[in-house]
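Below is one structure, written out as C-alpha cells; the observations come after it.
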There are 2 protein chains.
Amino acid sequence: MNDLAEFLEGARHWRVRYHARQVIFDEAEPSNAVFRIETGCVRLQIIGESGRRQILGFLFAGDIFGVCAPERITAAEAVTDVELMRYSLESVLQLSSKSRELTVELIRAANRLFNDVAHHLEHVGHMSATERVLWFLTWLAHRQGRGTGETVSLPMTLRDVGDFLALTPETLSRVLRELESDRHLSRRGRGAFAIRQPSFALRMLESGSEPMASPTASVKTVSQNKNSEELIHRQVRLDR
Amino acid sequence: MNDLAEFLEGARHWRVRYHARQVIFDEAEPSNAVFRIETGCVRLQIIGESGRRQILGFLFAGDIFGVCAPERITAAEAVTDVELMRYSLESVLQLSSKSRELTVELIRAANRLFNDVAHHLEHVGHMSATERVLWFLTWLAHRQGRGTGETVSLPMTLRDVGDFLALTPETLSRVLRELESDRHLSRRGRGAFAIRQPSFALRMLESGSEPMASPTASVKTVSQNKNSEELIHRQVRLDR
DNA sequence: CGCTTCTTTGAGTGCACTCAAATTGAGTGG
DNA sequence: CCACTCAATTTGAGTGCACTCAAAGAAGCG
C-alpha cells in the first residue's frame, strides 16, 4: 500500500492505543515518533493566533503521519478510538542513513502533507460552501471505498468538518439539508450518509489532495485556456 | 542563516538566472534540483481544477526551495529577475546517505513549507480581507528587514497578492485605500509602501508562517493539557 | 434522568464578490 | 522621443452568500 510502511517495519515499533479526543502529540512538541494508523480516525490541526482551530486533514487506517523533525508542526488528536503503530523516529533516521530510498520516501511523506494542504487552501479560498462540502464528502466516500448510493460513515462531528472546511456548523447544517433536498445526498442517521450523484463531484478528486496525484492532462488544458497569463508564461519558458 | 545551505555546498551546483515571469519548474514535473535564491523573488503556486491560481508563498534571497521528490508538487515562477544557485537533487540525496543531519534538514525544509501553508490556510479561512492584507504587508516588511515607517518594496502585482490571499484585486485595492486613509499605511509609488502602525499587526507574525515558530506559550501550555476543543471558545477577534 | 454537546432552524446583516468602466502605468515599435 | 497598446489598478454600483446572534430540539453519557 505505502512503500514507506515497508521501510518502517525495520525500525523499532510497537502498538499504541488512544481514546477518542485524546492528544497523540501537540504542536511544537519535540518530534520523536512516526505513526501508522491500524484502525480509527486521526485529525491533524493547528490553533491559530485568534484561538481558532484549523483542521488540516483527517487520516484513516493505513495512513502514516508524524514524519516531522525536530519539532511538531501540527497537533494530532484521535477522532475515534484508534490503534496506532508507533515507530521510533530515532531508529527511522538511522535506517534512512543506510537507504537512499527511505530518505526519498520520508521527503515524499512530508511533501504529501504539503500537497494536501496546498490544495485544501485552494479549495477554501475559491470554492463555495456547497462545493467544499461536496468535495469533502466525496473525498470521504472515496477514502472508505464507497461508491454511489453506498453508506459512508462520518466519524467526526460537524464542528470538526467545519474547522476543516472553514465553515460554521450552522452553514454546514444548512448546506447538508439543501444537498439532501436536491437529491445529491441522503442521510442515514447521524453519522452516516450516501452520495447519490457523485458524478461531477468526483471530478474534483482526480487532482488535488489525492496522494501525490499529478494534475491530469485535462486539468492542465483547462487551466491553460482559462488563464491566459499562465499560458503565456509557459510558452516563454527558456532553459539556461 | 540556514543550516541546509551549508550542507548543500557539498553538492554539485552552479548559478542560473531567470527573467521575471519565467517558469523555474512546473507542477508534476520530475524533480531534479534544489534551488537557493541569491537575488530576486520567486513564487510557488498551483493551478486549481477550476483554473484558478493559488500562490502558496513568495520566496526571497537566502530561501531554499524545491526540496521535493520524486515529482514537483508546485510550480515555481520568477516574480522578478532572479539569480539562483541550482543544486543537483541527485547529489544532495547521495550526501544525505552519509549525513543524518542532512536528512533531518531535508525533512525540516519540507516541513517548513507545510507549516507555512497550514498557517496560510488558517488565515485565509478565518481572517477578514483587511487582516489578511495587513498580515501580508507586515510579513513582507519583516522579510525585508524594514520597521515602522520604512519603505518596503512590493515586487509582485496586486493580482499576485490576491492569488496569495484569496482576494480579488478590486477588494485588495479598496482595502489598501482604506488602510491608507486610516493612517495604517502610506504608499510610496506603485510598488512600494510603508507601514505606519504595525504594532498589532506584528503580533500576528510572532507565530504562524515564520520559520518553525512555536505557538505562543499560553496556547501551547493549555493545549498540552486539555484537548483543543476547549480552546475554541477563546476567540479573540482583532478589531479592524 | 439530568447534563452536556451536537445539530437544526430562523432572522437579519455585512463583507467580499461580480460586473462594468475609467484611469494610470509600463513596455514596445515606429 | 512619442504614439500606441495592453496590463494593472482604481472606482462605482449592486448583490448574494456565509456570517453572527439566538434559541429550540436531538443525541450521547454519566
Side-chain angles (χ1 to χ4, degrees), chain A residues 19-21 50 52-53 79-81 123-134 136 153-181 185 187-193 226-233 236, chain B residues 19-21 50 52-53 79-81 123-134 136 154-181 185 187-193 226-233 235-240:
Chain A
H19 289 117
R21 285 171 304 182
S50 58
R52 288 178 184 269
R53 177 179 66 166
V79 173
T80 63
D81 290 353
H123 290 150
V124 167
H126 299 304
M127 277 182 174
S128 71
T130 303
E131 287 170 323
R132 279 182 252 177
V133 170
L134 224 33
F136 174 72
S153 72
L154 195 74
M156 67 291 292
T157 65
L158 283 197
R159 196 164 92 179
D160 280 345
V161 178
D163 285 347
F164 179 70
L165 297 178
L167 294 172
T168 61
E170 294 96 323
T171 297
L172 222 36
S173 177
R174 283 183 246 270
V175 167
L176 288 174
R177 187 162 56 79
E178 203 193 21
L179 285 176
E180 203 174 5
S181 69
L185 197 72
R187 282 193 270 184
R188 311 263 166 94
R190 258 229 182 195
F193 65 94
K226 285 211 166 190
N227 193 329
S228 60
E229 185 192 287
E230 293 309 313
L231 178 58
I232 291 167
H233 290 173
V236 294
Chain B
H19 289 116
R21 286 171 306 185
S50 59
R52 287 178 185 267
R53 177 179 68 165
V79 173
T80 62
D81 290 353
H123 290 149
V124 167
H126 299 305
M127 278 183 174
S128 70
T130 304
E131 289 170 324
R132 279 182 252 177
V133 170
L134 225 32
F136 174 72
L154 196 74
M156 67 290 291
T157 66
L158 283 196
R159 190 166 130 194
D160 281 344
V161 178
D163 285 347
F164 178 71
L165 297 177
L167 294 172
T168 60
E170 294 95 323
T171 298
L172 221 37
S173 176
R174 284 183 245 270
V175 167
L176 288 174
R177 187 162 58 77
E178 205 193 20
L179 285 176
E180 204 175 3
S181 70
L185 197 71
R187 281 193 270 185
R188 312 262 165 95
R190 249 211 196 210
F193 66 93
K226 313 285 182 177
N227 88 39
S228 63
E229 315 233 331
E230 301 170 30
L231 281 176
I232 294 164
H233 298 297
Q235 292 172 3
V236 185
R237 225 158 141 64
L238 297 168
D239 33 16
R240 31 174 24 340

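The chains referred to below are lettered A, B, ... by the order of the sequence lines, with proteins before strands, and numbering in each begins at 1.
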Starting at [atom1] of [X] and ending at [atom2] of [N], how long is that distance when rounded to a whole Å?
{"X": "Glu180(B)", "N": "dT11(D)", "atom1": "CD", "atom2": "P", "value": "9 Å"}
{"X": "Leu176(B)", "N": "dT9(D)", "atom1": "CG", "atom2": "P", "value": "10 Å"}
{"X": "Arg159(B)", "N": "dC6(D)", "atom1": "CZ", "atom2": "C1'", "value": "13 Å"}
{"X": "Glu178(A)", "N": "dG16(D)", "atom1": "CD", "atom2": "P", "value": "15 Å"}
{"X": "His19(B)", "N": "dG27(C)", "atom1": "NE2", "atom2": "P", "value": "13 Å"}
{"X": "Leu158(B)", "N": "dT10(D)", "atom1": "CG", "atom2": "C1'", "value": "10 Å"}
{"X": "His126(A)", "N": "dT18(C)", "atom1": "NE2", "atom2": "C1'", "value": "15 Å"}
{"X": "Leu154(A)", "N": "dC6(C)", "atom1": "CG", "atom2": "C1'", "value": "12 Å"}

Determine the contact category for Arg132(A): base if any of its heavy atoms lies under 4.0 Å from a base atom, sugar-phosphate if only primed atoms, P, OP1 or OP2 are that close, otherwise nothing.
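Nothing, no nucleic acid heavy atom in range.
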
Counting the atoms with a prime plus P, OP1 and OP2 as sugar-phosphate, which does Leu172(B) contact under 4.0 Å by heavy atoms, base, sugar-phosphate, or nothing?
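Since no nucleic acid heavy atom lies under 4.0 Å of Leu172(B), the category is nothing.
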
Answer yes or no: is there a donor N or O on one side and an acceptor on the other, between the side chain of Arg188(B) and the main chain of Phe193(B), under 3.5 Å?
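A pair under 3.5 Å: no.
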
Could you check whether any side-chain N or O of Ser181(B) sits under 3.5 Å from a backbone N or O of Glu178(B), counting only pairs where one atom can act as donor and the other as acceptor?
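Checked: pair present.
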
Collect all protein-nucleotide pairs involving nucleotides 22-30 of chain D in which both atoms are nitrogen or oxygen and the distance is under 3.5 Å.
none

Proximal nucleotide (of [options]) relative to the [X] side chain:
{"X": "Leu167(A)", "options": "dA8(D), dT9(C), dC19(D)", "value": "dC19(D)"}
{"X": "Arg52(B)", "options": "dA16(C), dT8(C), dT18(C)", "value": "dT18(C)"}
{"X": "Arg187(A)", "options": "dT8(C), dA18(D), dT10(D)", "value": "dT8(C)"}
{"X": "Thr168(A)", "options": "dT20(D), dT18(C), dG12(D)", "value": "dT20(D)"}

Could you check if a side-chain atom of [X] sits within less than 4.5 angstrom of a side-chain atom of [Y], using non-hydrogen atoms only?
{"X": "Leu158(B)", "Y": "Leu176(B)", "answer": "yes"}
{"X": "Val133(B)", "Y": "Leu167(B)", "answer": "yes"}
{"X": "Phe164(B)", "Y": "Val124(B)", "answer": "no"}

Decide, yes or no, whether a salt bridge links Arg53(A) with Asp160(A) under the criterion of side-chain N to carboxylate O below 4.0 Å.
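Yes, charged N to carboxylate O under 4.0 Å.
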
Ion pair Arg52(A)/Asp163(A), N-O distance below 4.0 Å:
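Result for this pair is no, no salt bridge flagged.
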
First encountered from the 5' end of DNA chain C, between Ala129(B) and Pro169(A):
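Counting from the 5' end, the first nearest nucleotide belongs to Pro169(A).
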
Look at the side-chain N and O atoms of Thr171(B) and state whether any lies under 4.0 Å from the OP1 or OP2 oxygen of dA16(C).
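The answer is no; no side-chain N or O of Thr171(B) sits under 4.0 Å from OP1 or OP2.
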
